[in-house]
Amino acid sequence: MRPRETLQDLCIAAVVGAWDSLPPSAVEALPSDLVQRIFDELVATGRFALSDLTRFRELDLDSVALVGRPDVRDERLRSLDRCSRLRSLDLTGCAHVGDGGVAAIKRHTGLRHLRLSHCLGISDSAMHHLRGLHGLLELELRGCEGLTGEGLMHLAGLTQLRRLDLDQCTAVKGGLQHLSGLRHLTVLRLGWCTFLTDMEVAWLRPLTALQELVLAHTQVGDEGLSHLSSLRHLTHLDLTGCARLTDGAAASLARFTALQTLSLDRCDQIGNTGVDALASACLPSLASLSLAYTAVTTGGLSGLSALTALSWLSLDSCGVGDAACRVLRRLPRLASLNLAESLVGDGGLESLTLPLPCAAASPGAISLAPAASAPTPFSLAASRSMPRSGAGAGGAGLAARHSTGGSGGGIYGRSYGSHSGTYGAYSRNLSLCAAAGGPVPGPGSSSGAAGPGGPSGAMAGPPSTLTHLNLTYTKVTDEGLAPLAVLTGLQYLNLDSGSITDAALRHITGLSRLTQLDVFGCRISDAGAALLGASPGLRGLRSLECCGGGISDIGAAHLARLAALTCLNLSQNPRLGDAGVRSLAAHLAELQVLSLNHTAVTSAALRDLPALRWLRSLSLCGARVSEAAVARLRARAHPDLIVKHTPAAPPPGSRQA
């Protein structure tokens, strides 16, 4: 365990360690101010069962979180009656909780925060039981697919609500009129309520306090957006996958002058005209913009430099090329840039990393007339037929990445594969970039600040501000990555492409702030692993994906020198076996996530993994590991360890230990 810092911490650890053997008198004698912390520690370490609630005469808890527990069922929630002053209850992912469980909760009239997301047994009847919780400030019902618009009428009286999450309540086709009286709502999420139309969202007009609105993957179009012009305090708007939106939506978006984040991801009818109108609007605080999978091309970005507060930008799978980077380098606060599967090549990356003199730093539009070496004109139809898997070894790796599961999130999956993660990742990246790039300017803020050199020096911009860069399957080559060496502030770098090899890695070994490196489908061999492992500048690396098939036990031994790693994905490396895992277990003491899908690892390797005390996720899909070996590992490892295991078919005549 990690070192305890105070005497109170030591006392709590002692109580938790002896929990199963403590007599009832000792439990009743626990000081009331320690009960909450002891309870939280019991839950976190997997030692708590709902039956333990009966060991307390009165449980003085303010907050109870029982996320994802299969033992939480309707009848057992009556045990919470002992919690006389409960203010926060989180039952997210408790799939066996239904209407009866919510009926047991209604007694807790002091509840302020209630999270019931993915409680699959919940229906409209459960909403009837919530009517009396008049002090409720936050209600999460994400993924409750039994909830319909009729159930929303029971929420009309919860007028103190500030946050309401109905994402993925796919049976909600209407009923938004029941929400129009919730005038204190600041956050409303209706993503993936796929039947919601322009007529329905018109009921949201009175919710003028709204600051965050999610309408992703609904049927909202230009007309629906025009109904929402009264929402002048809106700062976060997610319109991902609203395929009915066109360039005409820009006029409505321009009215949301307080916007800080905007996602138009997969709004494929929005193109150059719409983006140009958006850039011309007065959006002085817009810091995060996703144009991924839209119809925008290089020409549509000419005015983007007017959005001087922009710090997070996604152009994933857009038809933009090298000339676009001449605009992007004029964004003085740009911290995160996604150019995945665009037409950007070596020349574009070079333009992006060149400092721009202040004399040329006017925020107005610039000409994007193609130079002599400009790429061939981009065809939108061609882009949509472009295979996601690329070509060659890298293509196979990318296909495997999405078909084998990996580790399910974070750096192990692109957001386009998960409808529930898109906006979450979008918002998290904005927070990261805001932290890295300084405060987002508000109206009237100066946006043309010069760099350290003062007015006669270089303008602030990507060379000094960029912290996150995604170059997945672009046209950039090994040699073209040389300009990366000047991006010394990079923390996250994605180079996933079958055309990138060991030769590219020499350009990143000096990026001392790099914490996440994704070379998933790159053709990295043991030689490349040796270069990474021997680089003093990469000692702070926390996450690494290297799944191109070229890593063996020797390469794993080199990577084991990256002692700060907490997440490591070496899947799809068929020459990686038990010896390599032994090296990793001996040196990567901080490892929390390890993916070894489709490697040569066998049951024997699992004997070394209990040494990784912080390991919480292990993926072994397609490995020659038996169920018995997995069971033995679970018995010795931390109780929170999740093992994803699909055994490979053993060779004829072989046996597994």
Side-chain angles (χ1 to χ4, degrees), residues 176 188 190-191 196-310 312-315 318-320 327 331 363-365 368 380 423 426 440 442-444 447:
L176 297 192
L188 178 59
L190 296 166
L196 292 181
T197 64
D198 291 344
M199 185 179 300
E200 274 299 314
V201 299
W203 290 105
L204 304 181
R205 283 179 292 194
L207 304 182
T208 54
L210 274 181
Q211 297 175 23
E212 177 182 327
L213 178 60
V214 179
L215 295 171
H217 296 282
T218 61
Q219 296 184 35
V220 173
D222 297 353
E223 181 184 352
L225 207 56
S226 69
H227 293 320
L228 303 179
S229 59
S230 59
L231 307 183
R232 297 301 176 90
H233 297 291
L234 212 57
T235 58
H236 298 70
L237 180 59
D238 184 7
L239 299 170
T240 298
C242 292
R244 298 190 178 190
L245 291 175
T246 71
D247 287 336
S252 298
L253 292 173
R255 298 190 182 102
F256 303 131
T257 55
L259 270 184
Q260 296 175 19
T261 72
L262 173 62
S263 177
L264 298 172
D265 193 322
R266 291 176 177 76
C267 298
D268 55 9
Q269 293 192 69
I270 291 181
N272 292 349
T273 302
V275 173
D276 188 59
L278 195 63
S280 301
C282 181
L283 299 174
S285 299
L286 190 62
S288 180
L289 176 62
S290 177
L291 297 172
Y293 298 89
T294 61
V296 67
T297 65
T298 298
L301 301 182
S302 60
L304 207 62
S305 57
L307 300 176
T308 54
L310 210 58
W312 192 99
L313 176 63
S314 177
L315 296 168
C318 292
V320 298
V327 174
L331 295 171
L368 290 179
L380 183 61
Y423 188 74
Y426 172 67
V440 175
S447 59

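In this chain, numbering begins with 1 at the start of the sequence shown.
- Considering only residues two or more places apart in sequence or on other chains, Ala277 meets the side chain to side chain contact (heavy atoms under 4.5 Å, CB included) condition with Ala250.
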Exercise. Going through the checks in order, is the side-chain contact (heavy atoms from CB on, under 4.5 Å) test met by Ser285 and Leu259?
Worked result: CA-CA 6 Å; Ser285 299; Leu259 270 184; over 6 Å; no
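- The two residues Val296 and Val320 make their nearest non-hydrogen contact at O-CG1, 4.4 Å.
- By the side chain to side chain donor-acceptor pair (under 3.5 Å) test, Asp198 is found to be paired with no residue, residues two or more places apart in sequence or in another chain being considered.
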Exercise. Which is it for Leu331 and Thr308 under the side-chain contact (heavy atoms from CB on, under 4.5 Å) test, yes or no, and what are the steps along the way?
Worked result: CA-CA 6 Å; Leu331 295 171; Thr308 54; over 6 Å; no
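- Ser226 pairs by the side chain to side chain contact (heavy atoms under 4.5 Å, CB included) definition with Glu223, Ser252, not counting sequence neighbours.
- The closest side-chain heavy-atom distance from Phe256 to Leu228 is below 4.5 Å.
- How far CG of Leu286 is from CH2 of Trp312: 11.5 Å, rounded to the nearest 0.5 Å.
- For the pair His236 and Thr261, the tightest heavy-atom approach, listed with the atom from each and the gap, is CD2-OG1, 3.1 Å.
- Side-chain atoms of Leu301 and Leu315, non-hydrogen and from C-beta on, do get closer than 4.5 Å to each other.
- Here CG of Leu291 is found 6.0 Å from CG of Leu313. Values are rounded to the nearest 0.5 Å.
- In this structure, Asp238 contributes its side chain and Val214 its backbone to no donor-acceptor pair below 3.5 Å.
- Considering all non-hydrogen atoms of both residues, Gly241 and Cys267 come closest at N-SG, 4.3 Å.
- Annotation: Arg244, atom CZ; neighbour count of heavy atoms from other residues, nucleotides and ligands within 6.0 Å does not exceed 12.
- Expressed to the nearest 0.5 Å, how far CG of Leu245 lies from CG of Leu215 amounts to 9.0 Å.
- The distance from atom CG of Leu307 to atom OG of Ser288, rounded to the nearest 0.5 Å, is 11.5 Å.
- In this structure, Leu225 and Val201 have side chains that are not in contact, with every pair of non-hydrogen atoms separated by 4.5 Å or more.
- For Ala209, the side chain to side chain contact (heavy atoms under 4.5 Å, CB included) test picks out no residue, with sequence neighbours left out.
- Judged by distance alone, the side chain of Asp247 and the main-chain N or O of Gly271 form a donor-acceptor pair under 3.5 Å.
- Using a 4.5 Å heavy-atom threshold, the side chains of Leu190 and Leu204 count as touching.
- Across Leu283 and Leu253, no two heavy atoms sit closer than the pair CD2-O, 4.1 Å.
- In this structure, OG in Ser290 is found 8.0 Å from CZ in Arg266, a value given to the nearest 0.5 Å.
- Shown here are the side chain to side chain donor-acceptor pair (under 3.5 Å) partners of Thr235, two or more places apart in sequence or in another chain: there are none.
- No side-chain heavy atom of Leu237 sits less than 4.5 Å from a side-chain heavy atom of Ser263.
- The nearest pair of heavy atoms linking Leu278 to Leu289 is CD2-CD1, 4.2 Å.
- In this structure, Thr257 and Arg232 have side chains that are not in contact, with every pair of non-hydrogen atoms separated by 4.5 Å or more.
- Residues Asp276 and Ser302 meet the side-chain proximity criterion, which asks for heavy atoms closer than 4.5 Å.
- Asp222 approaches Ala249 most closely through the heavy-atom pair OD1-CB, 3.5 Å.
- For the side chain to side chain donor-acceptor pair (under 3.5 Å) test, residues two or more places apart in sequence or in another chain that qualify with Asn272 are Thr297.
- Here the OG-CG distance, from Ser280 to Leu304, works out to 10.5 Å after rounding to the nearest 0.5 Å.
- Within the 4.5 Å cutoff, side-chain heavy atoms of Leu176 are placed close to those of Leu196.
- Under the side chain to side chain donor-acceptor pair (under 3.5 Å) criterion, Gln211 pairs with no residue, sequence neighbours left out.
- Judged as a side chain to side chain contact (heavy atoms under 4.5 Å, CB included), and not counting sequence neighbours, the contacts of Thr197 are Met199, Glu200, Gln219.
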Exercise. Leu188 and Leu210: side-chain contact (heavy atoms from CB on, under 4.5 Å), yes or no, with the steps?
Worked result: CA-CA 7 Å; Leu188 178 59; Leu210 274 181; 3.8 Å; yes
